[in-house]
Protein chains: 2
Amino acid sequence: MSRATLRDVAKLAGVSVATASKALNGQPQVRAETRERVVRAAEQLSFSPNTLAQGLITQRSGTVGLLTSDLEGRFSIPILMGAEDAFGSDQTSVFLCDARGDTIREKHHLRALLSRRVDGLIVVGARPDTRTSLGDLPVPVVYAYAPSDDPADLSLITDNTGGGRTAVDHLIRCGRRRIAHITGDPSYSAAQDRARGAVDRLTEEGLTLAGGEVWFGMWSEAWGRGATRMLLDRCPDVDAIFAGSDEIARGVLDVLHEERIDVPSRVAVIGFDNWSVLAVNSRPPLTTIDLNLEHLGRIAAQRLSAAMEGTPTSGVETFPVRLITRESTAPLR
Amino acid sequence: MSRATLRDVAKLAGVSVATASKALNGQPQVRAETRERVVRAAEQLSFSPNTLAQGLITQRSGTVGLLTSDLEGRFSIPILMGAEDAFGSDQTSVFLCDARGDTIREKHHLRALLSRRVDGLIVVGARPDTRTSLGDLPVPVVYAYAPSDDPADLSLITDNTGGGRTAVDHLIRCGRRRIAHITGDPSYSAAQDRARGAVDRLTEEGLTLAGGEVWFGMWSEAWGRGATRMLLDRCPDVDAIFAGSDEIARGVLDVLHEERIDVPSRVAVIGFDNWSVLAVNSRPPLTTIDLNLEHLGRIAAQRLSAAMEGTPTSGVETFPVRLITRESTAPLR
DNA sequence: GACGTACGTGAAAACCTTTTCGGCCCGCTG
DNA sequence: CAGCGGGCCGAAAAGGTTTTCACGTACGTC
């Protein structure tokens, strides 16, 4: 395969480049018969227009940058996928850049992306805490997952507080009253927010946390196991555990299983993240909260498109999470 | 921030665009003093060259496409990361496209990428079986993880056979003699290859598989659990289990734990993939085989660069895997 | 003082496409 | 028959950069 240009096509069709261009782009001022000839010539040479040249003149590159710090992580990928399919793949392609949490690498990538004249930028954080704004750029930017600290930017985030509330609400509806919350690193706003949502819902019901307080620790199975042992020790009549992540939930389930405490009949367990390799394969399969990240990605793409068309928005938009019920929770009795 | 062009810079510096270009690109035929003036002007306007225009004339877009079918999966990401850092991020940016296993979507993406004049293409499969070649393209292509069926293409794959051999070799060195192999879907060449490597190594040692044959099934924890129960039933004196994936290994560990069979003192367990969320957090942490995919990605980028520079290669290159020892294996006694 | 050389600079072409505008031809109207 | 309008096409400019080549100046050499 070689590389035909529009001029080659025009020559083969016996017309000028201008006409060839119009023919291929569906412009009306070209006779049907001529158009047909051009189209055939283009096919014959397997012509595909040089997007660089197009971008040069339309001032639109048809590309966007996705700047992440969480490539190995599991948050940016679903967002990326959502974004990818919200932009028609023929219209817009996405440049993926992973800054690996390094600010200077991020600057570097940013520079490269601007140099490539991306039409917009999606910035995905590694954790849901606010991050510093990229400042004023010549292209629109959407922050996803981790919000920008500048209210003039547009940030799209998941509703962690609502997630905590939803989780506890589900447990209450299952008839549970002695609900504990084991979660991860307290320096994560996600941990704080989920806990707050959980406690709020309990309070509404006139309940307090089993175990007396939130069990903060680490985002790991090991912590889930350790905390569960301590919890059972201190509060053996607990009838539900809300884990701050699916990893933690796996640890919780593991210990309950070891102690021959049946899930869900005696203790219900709910996780967070819907990380399917963990949630689907656990014993029993884990009820959990899905962050709906593909949706977030799709919306990010839409907002970015809107901004590119000239109608930017700003502020923080919060998106609801979704309860995924599996078998680790069930009504009492 | 606005968008300065080279002309603006030139005007501000009081030189022609030609001179400005040469000054910024380190061409020798510019007086030092002039260069300095241009550079300052460029900084002042925060000029960044339009890569589209550069690409148009140099016939190099400085981009490559990464075409995958496994974005949600865990194979393409490490490869992508390896590739990303092998290309200097300032030299080359990567377009990420996920075909989601759909051939027509793949064609679509391919068309778009060629239209964007990518300088090269990396194709990553979702599973390690051979895939049909994309055929003759105007840019070099490297197939990674899943090899192309056309020997004229260059394919980079992991050594699954060697991995199976390495796993069993390690178990043998731990003094194990009654080694079973529980693995996934037999339609995957990965499953077949790993099994073959395992059996070969056993044969060299004059051993046969505990349980009589390879236990093919599914790539899931549940199958790992089920198979282990059957295995213990039929062959209670097994002293090592080689699991075809870390997921399966988790299932294996789970049942052994349930049956109060100590790992590694009575039965050693080794997994495959080094999927860290599974392997690191298991009880005990899992010895496993790492596919070294970042390395594969880096090599893919290097081979692609070489091909872009005019020295293409072809055939299938196989890359060694790596044993990661944790605590689920140990010498007997 | 004439000439050659080296160096620094600028004009212009090239990359490929889109779009505007002018021109041509045809048929129609008055 | 003159004039006019509409339909179709091509010439040319534009977009931002790199590169080639020619030009001008200053200097050194004979």
Side-chain angles (χ1 to χ4, degrees), chain A residues 2-39 41-42 45-63 90-91 112 114-119 138-139, chain B residues 2-39 41-42 45-63 91 111-112 114-119 138-139:
Chain A
S2 68
R3 288 207 142 156
T5 73
L6 192 55
R7 198 162 59 195
D8 302 328
V9 174
K11 192 160 15 162
L12 181 58
V15 298
S16 71
V17 283
T19 308
S21 170
K22 283 179 277 200
L24 294 176
N25 294 328
Q27 298 275 11
Q29 347 119 358
V30 39
R31 216 175 0 153
E33 193 261 344
T34 310
R35 182 188 312 276
E36 176 63 23
R37 223 166 56 233
V38 172
V39 168
L45 299 175
S46 70
F47 167 76
S48 86
N50 185 326
T51 317
L52 277 57
Q54 290 183 146
L56 198 53
I57 122 163
T58 60
Q59 305 284 48
R60 278 291 185 89
S61 65
T63 60
D90 37 342
Q91 308 296 343
L114 292 178
S115 197
R116 296 201 180 283
R117 295 300 187 269
V118 291
D119 298 328
V139 295
Chain B
S2 69
R3 288 205 143 157
T5 74
L6 191 56
R7 197 161 58 197
D8 303 327
V9 175
K11 190 158 20 162
L12 181 59
V15 299
S16 72
V17 282
T19 308
S21 169
K22 283 178 277 202
L24 294 175
N25 294 328
Q27 297 275 13
Q29 349 119 2
V30 175
R31 213 173 7 149
E33 193 261 343
T34 310
R35 183 188 311 277
E36 177 60 24
R37 224 168 53 234
V38 172
V39 168
L45 299 175
S46 70
F47 167 75
S48 87
N50 185 325
T51 317
L52 275 57
Q54 290 183 144
L56 198 53
I57 123 162
T58 61
Q59 306 283 49
R60 277 292 186 89
S61 64
T63 60
Q91 307 298 342
R111 202 178 172 72
L114 292 177
S115 198
R116 295 200 181 285
R117 295 300 187 266
V118 291
D119 298 328
V139 295

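Order of the sequence lines fixes the chain letters, A, B, ..., with proteins taken first and strands second; residue numbering starts at 1 for each chain.
- Each of B:Lys22 and B:Gln59 lies near DNA chain C, and the nucleotide nearest B:Lys22 is the one positioned closer to the 5' end.
- In this structure, of D:dG16, C:dT9, D:dG10, it is D:dG16 that holds the atom nearest to the side chain of B:Asn50.
- A close approach under 4.0 Å does occur between a side-chain nitrogen or oxygen of B:Gln27 and OP1 or OP2 of D:dT19.
- When distances run from any side-chain atom of B:Phe47 to the nucleotides D:dT17, C:dC16, D:dC9, the shortest one goes to D:dT17.
- Residues B:Pro49 and B:Gln54 form a side-chain contact, since some pair of their non-hydrogen atoms from C-beta on lies under 4.5 Å apart.
- With contacts defined as side-chain heavy-atom distances shorter than 4.5 Å, the pair B:Asn50/A:Ser115 does not qualify.
- Using a 4.0 Å heavy-atom criterion, one finds that B:Thr5 contacts the sugar-phosphate atoms exclusively.
- Residue A:Gln29 contributes atom CD, which lies 17 Å from atom P of C:dG23 at whole-angstrom precision.
- Checking the phosphate oxygens (OP1, OP2) of D:dG7, no side-chain nitrogen or oxygen of A:Arg31 falls inside 4.0 Å.
- Applying the salt bridge (charged side-chain N to carboxylate O under 4.0 Å, His left out) test to every pair with at least one member in residues 22-35 of chain A, sequence neighbours left out, gives these pairs: A:Glu33-A:Arg37.
- Residue A:Thr19 has a polar side-chain atom (N or O) positioned under 4.0 Å from OP1 or OP2 of D:dG10.
- Phosphate contact (OP1/OP2 of C:dT18, side-chain N/O of A:Gln54, threshold under 4.0 Å): present.
- In this structure A:Glu36 satisfies the side chain to side chain donor-acceptor pair (under 3.5 Å) test together with A:Arg40, sequence neighbours excluded.
- Each of C:dG8, D:dC8, C:dT20 was ranked by its minimum atom distance to the side chain of A:Thr34; first place goes to D:dC8.
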